[in-house]
**Q** 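Have a look at this one before I ask anything.
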Protein chains: 2
Amino acid sequence: MTRVLVVDDEPQILRALRINLAARGYEVTTAADGESALQAARTEAPDLVVLDLGLPDLDGAEVIARLRGWTTVPIVVLSGRTDSADKVDALDAGADDYVTKPFGMDELLARLRAMLRRAGEPEEEPAVAFGDVSVDLAATRVLVRGEEVRLTPTEWHLLEVLLRNPGRLMGHRQLLLEVWGPGYETAQGNLRLYMAQLRRKLEADPARPAYFRTEPGMGYRFDPS
Amino acid sequence: MTRVLVVDDEPQILRALRINLAARGYEVTTAADGESALQAARTEAPDLVVLDLGLPDLDGAEVIARLRGWTTVPIVVLSGRTDSADKVDALDAGADDYVTKPFGMDELLARLRAMLRRAGEPEEEPAVAFGDVSVDLAATRVLVRGEEVRLTPTEWHLLEVLLRNPGRLMGHRQLLLEVWGPGYETAQGNLRLYMAQLRRKLEADPARPAYFRTEPGMGYRFDPS
DNA sequence: GGACCGCGTCAGGATCCTGTGAGGGCCATC
DNA sequence: GATGGCCCTCACAGGATCCTGACGCGGTCC
């Protein structure tokens, strides 16, 4: 099922999009402001984002930039502004399409189809099983040797970022930025703490981790092999 | 160089696009009707197609369909028709974007950039390979004969600088400046030490290096051949 | 032939980083 | 008001990394 995240602060537009998208068989989640949109993009892992630029809390270009910091999900911008400069800014910030309000629902849906057609080949859920652990990213569930393990929100968030980048070294700064957001880039004590928690809960031998490996001076790496 | 095929039967639009695209560093080829457009798409292998729908010989949707029969090159449609049904038809036929005339040149160029950005993605930063070694710069990972080799931050940094300048002589001062930063330009003992570490970890015969060569009195050179 | 210079190598200690435990603040629930 | 869960800060021991200096070796220049 294709998952679409719709971000808009106008309830009637949100409602119209939700109904139309659901009728076409999309799974729809919504957000009404920038922060919850970023949050939802992380937890829901949508296949496509429809983003209204006139959000109450964050500037539209900033939302795009912060999304683009870690995901390449297609972004379709909705906006009431027809000014050419706004379009250029949004597209250059990383948006894939720009639709001005009022828009025809048929056209918007056709644009979404075109976008998904191009983006939508791979969609492999990243490896979610390693050792005795199996992780269901969609359901927010972790099983170790068949037993369910409870993770706190922060632990989960950190695990998610690592799992979505298998084999890849994630720098301290990058992880702190992804999980704690801007302003915590130097709180490395935090990162050590939660990495230790994760290892205690998921690794067979937390003192000698096999999957969540430390790269001294650089960061951490999730190695599923 | 990025190659753009522009298809339009109006000479002034053709001319305007050619000038603007060429000014941005694109390589432009043009066609004035559907048949020659299809021909040009085959012979020129463009990275992007800008297609006017009002062609004299073929229907726009048919041009798209015949292109899509064998290529996935991004197609941006230009059209004077604002009818929603036309947009839906073109997009569902396989177009990636639809811009109505009159259009702002800035906006069109931004849309082309967005399109190329996405299309160009799959060519992810490749793993540099030489001898038995393969280096994945994005994942920060080094394999020698299939075995993972751990590098310290400084070793990695030095390797990165060398790999990003293949075949080029890197002076002592330049390397020290890049890796250690200002203030260490004269610490050549350092450089010798870490170059030795790199060779020990990556070269088949560290005493007779094949890839990380010394240029006496000058510096070092990474030679991938 | 001898002095000199640049390069590779080795071992030492200083420095930084990491894992771990304990403890306090905050919030929601009871 | 008390409890428990979660998050953050601090301190410290052990380990990894980094820098420094000293030593041979081979080539170059006088």
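In what follows, every heavy atom counts, from backbone to side chain, and hydrogens, waters and symmetry copies are set aside. Naming convention: chains lettered A, B, ... in sequence-line order (proteins, then strands); numbering from 1 in each chain. These figures come from a predicted structure and were not determined experimentally.
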**Q** Quick one: does A:Asp8's side chain have a donor or acceptor within less than 3.5 Å of a partner on A:Ile13's backbone?
**A** no
**Q** Taking atom C1' of D:dC19 as reference, at what distance in whole Å does atom CD of B:Gln188 sit?
**A** 15 Å
**Q** Ring centres under 6.0 Å, that's the criterion: do A:Trp156 and A:Tyr194 meet it?
**A** no
**Q** Please state how far atom CH2 in A:Trp156 lies from atom P in D:dC6, giving the value in whole angstrom units.
**A** 15 Å
**Q** Check whether any side-chain N or O of A:Asp47 sits under 3.5 Å from a backbone N or O of A:Arg3 as a donor-acceptor pair, and report yes or no.
**A** yes
**Q** Name all residues meeting the side-chain hydrogen bond (donor to acceptor under 3.5 Å, both in side chains) criterion together with A:Arg173; count only those two or more places apart in sequence or in a different chain, and write none if there are none.
**A** none
**Q** Any side-chain N or O of A:Trp180 less than 4.0 Å from the OP1 or OP2 oxygen of D:dC8?
**A** yes
**Q** Does anything in residues 182-193 of chain B form a side-chain hydrogen bond (donor to acceptor under 3.5 Å, both in side chains)? List the pairs, not counting sequence neighbours.
**A** none
**Q** Just to be sure I understand the geometry, which residues of residues 189-225 of chain B put a non-hydrogen atom under 4.0 Å away from DNA chain D?
**A** B:Asn190, B:Leu193, B:Tyr194
**Q** Who pairs with B:Glu107 by salt bridge (Lys or Arg N to Asp or Glu O under 4.0 Å), at least two apart in sequence or on another chain?
**A** A:Lys87, B:Arg111
**Q** Under the side-chain hydrogen bond (donor to acceptor under 3.5 Å, both in side chains) test, which residues partner A:Arg200, sequence neighbours left out?
**A** none
**Q** Might you point out which heavy atoms bring A:Leu175 and A:Tyr220 nearest each other, and give the distance in Å?
**A** CD1-CD1, 4.1 Å
**Q** Let's see if you get this right: which residues in residues 148-155 of chain B place a heavy atom under 4.0 Å from DNA chain D?
**A** B:Arg150, B:Thr152, B:Pro153, B:Thr154
**Q** Not counting sequence neighbours, list each pair that qualifies as a ring pair (Phe, Tyr, Trp, His ring centres under 6.0 Å) and has a residue in residues 197-216 of chain B.
**A** B:Phe130-B:Tyr211, B:Phe130-B:Phe212, B:Phe212-B:Phe222
**Q** Closest approach of A:Arg113 and B:Val88, non-hydrogen atoms and distance?
**A** NH2-CG1, 3.8 Å
**Q** Sorted by first residue and then second, give each salt bridge (charged side-chain N to carboxylate O under 4.0 Å, His left out) pair with at least one member in residues 214-225 of chain B; sequence neighbours left out.
**A** B:Arg213-B:Asp223, B:Glu215-B:Arg221
**Q** Can you list every salt bridge (charged side-chain N to carboxylate O under 4.0 Å, His left out) pair that touches residues 149-159 of chain A, not counting sequence neighbours?
**A** A:Glu155-A:Lys201
**Q** With sequence neighbours excluded, what pairs up with A:Thr30 under the side-chain hydrogen bond (donor to acceptor under 3.5 Å, both in side chains) test?
**A** A:Arg18
**Q** So if I take residues 167-179 of chain A and measure heavy-atom distances to DNA chain D, which residues fall below 4.0 Å?
**A** none
**Q** Provide the start and end nucleotides, 5' to 3', of the part of DNA chain C that has atoms under 4.0 Å from heavy atoms of chain B.
**A** C:dG6 to C:dC10
